[in-house]
Protein chains: 2
Amino acid sequence: MQTKDKILEAALALYNSNGVNNITTRHIAASINISAGNLHYHFKHTDDIIQALYDRLSGEFDGIISRIQQANIENLESLSAFAYESFELVYKYRFIFLGFVDIGARIPSIKAAYQQLMRKRKREFKGVFRLLVSNGTFRDDIPDTVWTALVTQIFIVADFWLSNNELTLQLEGKKAINHYTKVFEAMFFPYMR
Amino acid sequence: MQTKDKILEAALALYNSNGVNNITTRHIAASINISAGNLHYHFKHTDDIIQALYDRLSGEFDGIISRIQQANIENLESLSAFAYESFELVYKYRFIFLGFVDIGARIPSIKAAYQQLMRKRKREFKGVFRLLVSNGTFRDDIPDTVWTALVTQIFIVADFWLSNNELTLQLEGKKAINHYTKVFEAMFFPYMR
């Protein structure tokens, strides 16, 4: 593995277990036995590491979306598979979602990328809803404003289920992913035909 | 107004505008022209101020709930009125919701109080749903697991719409409350008969 990848993997593990504010580049360098100078050769600032991890998260999400677009979300099973994969990714990059507001305020390029992504995802989700209405999976008597609101609800639940988990059940790993995937899937139940 | 109340009002305003981590007890004392010693007579630590503000939030929520229980939530209008009042309260105490995970980790008594409140609210919400099913407002063909999941969805959206707003639209005041109250109300649309 290249040093750059090693740094990012080590940073992800340390941020996830200790929180972004308790980990310095020194901790990261020490955990993979490289010098602070070597780390700084690859990443000038902590924010560059966070940005690189956000870009990876974003790229992995794109991978899920494109695989699903090729497979076509045409029933609830494929929607559920998408939900589970997405929630695994949220858990993998959990330090981002647990500190999203702070990270967005601190690194404006992440906030800008998130906003752009949301606009793209909004179109994609509404396309999926239209398909599921037209093939009879979803009801055809739901106003457009309700579908639009559902997209925002989806984003809030997908981005912040992990924060709810921290405040309440504190489930870990697959238990957390399974529980909240079910909570998420239930959002679609009343839309089904 | 008593000094204690003045301190809490000043703290709320400063935390909301600058974030809890950028405000010290000195800033709060200075903003109402009292000495740091006088402030510390009322609150030993910053965490005591945050706890007192959380208790106020919690008490104001109880007020909304009990007014609504007296009025009976028996249609979608009363549910919407509840949503709007709740979202006003979230906005009033926005520093708590924007840093909820951190505050919960830092002040265990707040996390414990939140968990207890959630259990109580879960019962209350499910009672409201049962009433709305029995009076014909809500559908009677929704499984209990879906109602239970809806309660968790409600908590996630109610607690974190403000975080979504920070990352995306950044609406302020009534504009934010109005927009997200509508997003929230739309959650109930497909459950209606």
Side-chain angles (χ1 to χ4, degrees), chain A residues 19 21 94-95 97-105 110-119 122 138-139 141-170 179-192, chain B residues 19 21 94-95 97-105 110-119 122 138-139 141-170 179-192:
Chain A
N21 296 322
R94 56 194 175 279
F95 84 93
F97 294 93
L98 288 171
F100 215 163
V101 173
D102 280 344
I103 289 173
I110 287 186
K111 197 189 271 191
Y114 180 77
Q115 289 171 359
Q116 208 191 338
L117 187 77
M118 255 204 77
R119 280 190 291 272
K122 268 193 178 168
F138 275 170
R139 291 162 53 178
D141 59 343
I142 304 290
D144 191 59
T145 51
V146 174
W147 291 120
T148 303
L150 177 61
V151 176
T152 304
Q153 294 156 21
I154 284 174
F155 271 93
I156 298 174
V157 173
D159 290 342
F160 297 105
W161 62 268
L162 206 49
S163 296
N164 177 272
N165 181 52
E166 279 303 306
L167 289 165
T168 60
L169 302 170
Q170 296 178 285
H179 178 75
Y180 284 95
T181 300
K182 278 182 197 138
V183 167
F184 184 78
E185 283 167 8
M187 291 179 85
F188 300 104
F189 183 90
Y191 290 96
M192 292 185 67
Chain B
N21 296 322
R94 55 193 175 278
F95 84 94
F97 294 94
L98 289 171
F100 215 163
V101 173
D102 279 346
I103 290 173
I110 286 185
K111 196 188 272 192
Y114 179 77
Q115 289 171 358
Q116 207 189 340
L117 187 77
M118 255 204 77
R119 282 190 290 272
K122 269 192 178 169
F138 275 171
R139 291 162 53 178
D141 59 345
I142 304 290
D144 191 59
T145 52
V146 174
W147 291 120
T148 303
L150 177 61
V151 176
T152 304
Q153 295 156 22
I154 284 173
F155 271 92
I156 298 174
V157 173
D159 290 343
F160 296 105
W161 62 267
L162 205 48
S163 297
N164 177 271
N165 181 52
E166 278 302 306
L167 289 165
T168 60
L169 302 169
Q170 297 179 284
H179 178 76
Y180 284 96
T181 300
K182 278 181 197 139
V183 167
F184 184 78
E185 284 167 8
M187 292 180 85
F188 301 104
F189 182 91
Y191 290 96
M192 291 186 68

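Bear in mind that the values here come from a model prediction, so they are computed numbers and not experimental data.
- To the nearest 0.5 Å, atoms OG1 (A:Thr145) and NZ (B:Lys182) are separated by 10.0 Å.
- Heavy-atom pairs under 4.5 Å with chain A peak, among B:Pro143, B:Gly99, B:Ala112, B:Gly19, at B:Pro143.
- Contact record, A:Glu166 with B:Lys111: O-NZ, 3.3 Å, taken as the closest heavy-atom pair.
- Interface summary for chain A: among B:Leu98, B:Asn21, B:Val101, the most heavy-atom pairs under 4.5 angstrom belong to B:Val101.
- For B:Met118, the part lying under 4.5 angstrom from a heavy atom of chain A is the side chain only.
- Within the 4.5 Å cutoff, side-chain heavy atoms of A:Asp102 are placed close to those of B:Asp102.
- Heavy-atom distances place no part of B:Gln116 under 4.5 Å from chain A, backbone and side chain included.
- Nearest heavy atoms, A:Gly104 versus B:Leu167: CA-CD2, 4.3 Å.
- Shortest non-hydrogen contact noted between B:Ala186 and A:Tyr191 is O-OH, 4.1 Å.
- Among all heavy-atom pairs drawn from B:Pro190 and A:Ile142, the shortest one is CB-CD1, 4.4 Å.
- Interface summary for chain B: among A:His179, A:Gln170, A:Glu185, the most heavy-atom pairs under 4.5 angstrom belong to A:Gln170.
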Using atom types as modelled, flag every donor-acceptor pair under 3.5 Å from a side chain in residues 155-162 of chain B to any protein atom, sequence neighbours excluded.
| unit_1 | atom_1 | unit_2 | atom_2 | d |
| --- | --- | --- | --- | --- |
| B:Asp159 | OD2 | B:Tyr114 | OH | 2.2 |
| B:Trp161 | NE1 | B:Ala158 | O | 3.2 |

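- With a threshold of 4.5 angstrom between heavy atoms, A:Phe100 approaches chain B through its backbone and through its side chain.
- Proximity to chain A is absent for every atom of B:Arg119, based on heavy atoms less than 4.5 angstrom apart.
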